[in-house]
Amino acid sequence: MKTSTAKWMCGAAMLLALGCNGSNGGGASATGSASASLGGSGLRDMMEKRGLSEADVVAALKTYTPTGKHDEYYLFASGGHGGNLIVMGVPSMRILKYIGVFTPEPWQGYGYGDQTNALLKQGSRDGKMLTWGDMHHPALSETKGDYDGEYIFVNDKANPRIAVVSLKDFATTQIVASELIESEHGATFVTPDTEYVIETSQYPTPLGGRFADVKQFNDEYRGAVIFWKFDRAKGRLVPEESWAMELPPYMQDLADAGKLASDGYIFINSINTERAYGGNMEGNPPLESGVSQNDMDYLHVIPWRKAEAVVKAGKTETIAGMRVIPLETAVAEGLLYFVPEPKSPHGVDVSPDGQDIIVGGKLDTHATVFSIEKIKALISAGTVAGKDPYGVPILPFQEAIRGQCEIGLGPLHTQFDNEGYAYTSVFIESKVAKWSLKDLKLVDKLPTHYNIGHLAAAEGDTVSPDGKFLVAMNKWAIDRFAPVGPLLPQNFQLVDTTGQKMQLLYDSPIPLGEPHYAQMIKADKIKAVDIYKPAGINALTHQKDEHAVEGGKERVVRAADGVHVYMTAVRSHFTPDIVRVKEGDTVHLHITNIEQAKDATHGFTIASQNIHLSLEPGKHANVTFVADRPGVYPMYCTEFCSALHLEMAGYFLVEPK
Ligand code: K7E
Ligand code: CUA
């Protein structure tokens, strides 16, 4: 695409100016020396040779991050079916880390040693070990409605679970699973002070894992929303202090917590108020058509502080170890209200001031803006338009909304900036729509490539969004990148939102399972440690491990439960570097990296044992296994840690019986 000559000249003049500034002030930077050697005409030549427009070069200037410079924001994106969390820098879109969460991650030794094996095991359901997850929505911990940079929570839609990731060291520290529900989606979302992490079921089932035939759907199947209590001081979700509320068997979908004006409420939308359950070989319409008959579904409004008081008063039933407010009690105590929402809704997002609740209907052309003031007024006046079959009061739609913004076909999710604009992904049109919250007028639309799902704005879910950047999370890439066979990457597109018109800046392929949602936090809010201090820290507890080993105190101890090997790692050797055990011995390796230098990480493996540890400076790891096959197994360090890294090796000898 060529711009007009006049415009191009104008742009070139601007770039010339930029080039001069670059060379004057650039010093050692790559841009500085390039413009110095090439001069102005060199830049223009290069643009022509590479077929770059003025907009392309401006986009490059806005994203290019020279060596040694850090990004202004972190983007935490779900790794989808990869079951891990992707950490990226914005605006460079450089990938910084994949954090193992629901899926073993060999580099981090995640799932290949005692601590992380136990952690993955915590996430078992019905005693069944799970080694993958379908991660959708990361939620950063919040203080007074602002991201505080301490923790991030993630969900697994497929095997309902929530994980806690500590941003001290970007590592998973806990996984919890409740067998109350069998699938989820409205997770994770946090209340403004991270009192609770919210997990809402998606596909209704009999609660607690019972069997009931699907024909008993209306009577036996239910949804539920779980409020996982978070203990910030301990950095842990506390199942014993968590509770849930039973919901009618609609397919509850996304959720968001109220803030400021709507503090104390949560909002969950739903599809399938038709209560269809499929059966296309049993004489029923296929699920997708059964689910889409009604023009309206129900936005669920839950005053959670009031619900918390009802739990404290003991008005709960215990199902699968979870205290549950029965649906009847929820209705009787005024803990659940419905507001009709059009049509096959998907995203529900609360505005920064907490006044508006914005719903995107997948089969609609509007973003619908509900008003918390109006909803509260209707509730306190007792104004209802009817009741659902379970007795839940339904508030009148027209009286509950502030209005609707016509934005295009298939609105999904909404984010916010610092100037009163909302940005909604428009799936069927593959666009981002920018619209004004004040007058509900469409301002701009930007094509994305392709099939945008969520979008994430800088500090976009907080009470004070930053504006500046938006990342469109597109499900398809089609022709954007070099072909890699039929399974193509996803495409994250970085968008500049500072102008009235949005500008597309950068395409970043994501070579993982489909990421759904992400949150973007100001980089200076993250206070990550760079070493574990003092040496011997267990990364799960951030405390000194009971088996931590000090330099000079390495030893091998035979005990009733097997052979304990207390080992240290330091450039460039393990001590001991020969380990002798007998066939059939249970071996407990306790290894401490006793180094305290930044980035001095060692890895540890023993051939053919499916063992791999990552030993960051100061970290302690334990691994237990049975030496069941006699032989000679080299063990070595897997990180190229020094010039003599290849020599950081030894022998693990298993003597035959
Ligand atoms: Cu729209 Cu799971 Cu949030 Cu995917 S969900 S896009
Ligand atoms: Cu230690 Cu390589």
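Every heavy atom of this structure was used, including side-chain atoms; hydrogens, water molecules and symmetry mates were not. Counting starts at 1 for both ligands and their atoms, in listed order.
Residue D599 qualifies as open at atom CG: its count of foreign heavy atoms under 6.0 Å is 12 or below. Shown here is W476, whose CH2 atom has no more than 12 heavy atoms of other residues, nucleotides or ligands within 6.0 Å.
Not a single N/O/S atom of T638, whether from backbone or side chain, sits less than 2.8 Å from atom 1 (Cu) of ligand 2. At a cut-off of 2.8 Å, H645 does not coordinate atom 1 (Cu) of ligand 2 through any N, O or S atom.
Rounded to the nearest 10 degrees, the angle O (E639) to atom 2 (Cu) of ligand 2 to SG (C641) equals 100°. If you put the vertex on atom 1 (Cu) of ligand 2, SD of M648 and SG of C637 sit 110° apart, to the nearest 10°.
Closest N/O/S atom of H602 to atom 1 (Cu) of ligand 2: ND1.
Using a cut-off of 4.0 Å between Lys/Arg side-chain N and Asp/Glu carboxylate O, K157 and D134 are scored as not salt-bridged. With salt bridges taken as basic N to acidic carboxylate O contacts below 4.0 Å, none links E142 and K259.
Checking side-chain atoms of Q519 against main-chain N and O of L140 turns up a donor-acceptor pair under 3.5 Å. Using modelled atom types, one side-chain atom of N491 and one backbone atom of H449 make a donor-acceptor pair closer than 3.5 Å.
Nearest to atom 4 (Cu) of ligand 1 among the protein's heavy atoms is H516 ND1, 1.9 Å. Here the heavy atom of the protein found nearest to atom 6 (S) of ligand 1 is K475 NZ, 3.2 Å.
In the vicinity of H137, heavy-atom distances shorter than 4.0 Å reach the ligand 1 atoms 2 (Cu), 3 (Cu), 5 (S). Ligand 1 places these atoms under 4.0 Å from at least one heavy atom of L254: 3 (Cu). For ligand 1, the atoms lying closer than 4.0 Å to a non-hydrogen atom of H454 are 1 (Cu), 3 (Cu), 5 (S), 6 (S). Close contacts between ligand 1 and G453 involve ligand atoms 6 (S) [criterion: under 4.0 Å to a heavy atom]. The H346 neighbourhood of ligand 1 comprises atoms 1 (Cu), 5 (S), with distances under 4.0 Å to a heavy atom of that residue.
Side-chain contact between V432 and I452 is present, with heavy atoms from C-beta onward closer than 4.5 Å.
Of all the heavy atoms of L412, none lies under 4.0 Å from any atom of ligand 1, so neither backbone nor side chain is involved.
Each of D545, V570, V549 was scored for a side chain to side chain contact (heavy atoms under 4.5 Å, CB included) with T592, with one residue passing: V549.
Side-chain rings of H612 and F604 stay apart, their centers remaining 6.0 Å or farther from each other.
Put simply, no part of K157 is less than 4.0 Å from ligand 1, judged by heavy atoms.
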